[in-house]
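Reckoned from all heavy atoms, side chains included, excluding hydrogens, waters and symmetry mates. Predicted model, so just to flag it, every value in this text is computed and none were measured. Naming convention: chains lettered A, B, ... in sequence-line order (proteins, then strands); numbering from 1 in each chain.
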Protein chains: 2
Amino acid sequence: MQLDSFFPYRLAVASEAFSRNLTDVYERELGLSREEWRLLFLLANAESMTSLDLARRTTLDKVQVSRAAKRLGEKGLIVREIPDEDRRIRVYRCTTEGFRQFRHLQPKVQERANRMLNAMSPEDREALEQGISALLKVAKSD
Amino acid sequence: MQLDSFFPYRLAVASEAFSRNLTDVYERELGLSREEWRLLFLLANAESMTSLDLARRTTLDKVQVSRAAKRLGEKGLIVREIPDEDRRIRVYRCTTEGFRQFRHLQPKVQERANRMLNAMSPEDREALEQGISALLKVAKSD
DNA sequence: AACAAATCGTTGCAGATGCAACGATATTGA
DNA sequence: TCAATATCGTTGCATCTGCAACGATTTGTT
């Protein structure tokens, strides 16, 4: 058995290569890490979210959320609020600037992703989508 | 557009989940990182390899190879040699213990991978294999 | 031969990461 | 009520990581 034919390895390499390609975009344009990008993505599409919501929906733990949110705050892209109902919790929302930057950036990221996906045949693309969906179901629970 | 339906995100989540599952095995059994596991994998299937060979075939850079190899050496799983032809280069090879541990560990890792893959339907599994192969081709070069 | 440039591996350092401990707040139960 | 317990976010710390710089060695040039 060769490493290059070991499926888990191939999956990891493909995913890393794809991811790095996208990271290039928001890293260079806005200086965002992948974690920050994920939070901005969620917050740009929601009125507001708590840390726990963010953690659940990004597969980040609370420390990562806390730090990524802190940096996004320092960049003026999101703001943090402490609700009176429960002062342990933090509620985040996009700033106007955050929305603006996201609207500017998202199409570029999408375009970069599409560039790679469009380099594949429609059949391969569909297979990939189907395979990843199926894998998500079985790998998540385990 | 929701984050959960954004393909790059789904790919990353699936890959991370899969990878973490396998890491559990060689992390717990031998205290190996993913980098170390990759090097051991290559060296257990080759007579010997140089740092450059290892780097090329693992998508690790030379620093990662150097550090992972150092740790594998400290664990007695591989040895390092400096060839007389070119004393800048390092040549690595598995120790008897390295081969032994790999033969012991590899089936367990494979089994864990198979457990997840077998939880998928044959069609999904095939689609996944096809999709990842195609993705590797386009994402690597870019 | 001798010096400049290139190659290779390692190390130092700054920043990132994961984990446990902590402080603040809220909930529970006696 | 109030003390014990649980929840949430942040911080400290040890470790890991990526990058540039470095020393050792080899190659190329004159």
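- Judged by atom type and distance alone, B:Arg67 reaches the base of C:dG12 through a side-chain donor-acceptor pair under 3.5 Å.
- Nearest nucleotide to the B:Arg88 side chain, out of D:dT10, C:dT10, D:dT26: D:dT26.
- Side-chain proximity of B:Asp86 to the nucleotides D:dC8, C:dG9, D:dT25 is greatest for D:dT25.
- Across D:dT10, C:dC8, C:dA26, the shortest atom-to-atom separation from the side chain of A:Arg87 is found for C:dA26.
- Between A:Glu36 and A:Lys75 there is a salt bridge, since at least one side-chain N of the basic residue sits less than 4.0 Å from a carboxylate O of the acidic one.
- A salt bridge is defined here as a Lys NZ or Arg NE, NH1 or NH2 lying under 4.0 Å from an Asp or Glu carboxylate O, and A:Glu27 with A:Arg112 fails to meet this definition.
- Of the listed nucleotides (C:dG18, C:dG9, D:dT25), C:dG18 has the atom at the smallest distance from the side chain of A:Gln64.
- The residue among A:Glu85 and A:Val63 whose nearest nucleotide of DNA chain C is located toward the 5' end is A:Val63.
- A sub-4.0 Å separation between OP1 or OP2 of C:dG9 and a side-chain N or O of B:Ser51 is present.
- Going from atom CZ of A:Arg90 over to atom C1' of D:dT11 covers 13 Å, rounded to whole Å.
- One finds a side-chain N or O of B:Arg80 lying less than 4.0 angstrom from the OP1 or OP2 phosphate oxygen of C:dT10.
- As rounded to whole Å, 13 Å separates atom C1' of C:dA16 from atom CD of A:Glu27.
- Using a 4.0 Å heavy-atom cutoff across all strands shown, A:Arg34 reaches no nucleic acid atom at all.
- Nucleotide D:dG12 holds its C1' atom 12 Å from the NZ atom of A:Lys70, rounded to whole Å.
- Phosphate contact (OP1/OP2 of C:dT10, side-chain N/O of B:Ser66, threshold under 4.0 Å): present.
- The CG-C1' distance, from A:Leu60 to C:dA16, rounds to 14 Å in whole Å.
- Salt-bridge annotation for B:Glu97 and B:Arg100: present, with a side-chain N of the basic residue lying under 4.0 Å from a carboxylate O of the acidic one.
- Rounding to whole angstrom units, NZ of residue A:Lys62 and P of C:dC22 are separated by 14 Å.
- Between A:Glu35 and B:Leu52, it is B:Leu52 whose nearest contact on DNA chain C lies nearer the 5' terminus.
- Judged by distance alone, the side chain of B:Arg125 and the main-chain N or O of B:Met120 form a donor-acceptor pair under 3.5 Å.
- Between the CG atom of B:Asp61 and the C1' atom of D:dG18 there is a distance of 7 Å, given to the nearest Å.
- Here the P atom of nucleotide C:dG15 and the CD atom of A:Glu36 are 15 Å apart, to the nearest Å.
- Rounded to whole Å, the distance from CD on A:Glu81 to C1' on D:dC8 is 17 Å.
- Rounding to the nearest 0.5 Å gives a distance of 12.5 Å between CZ of A:Arg38 and CG of A:Leu54.
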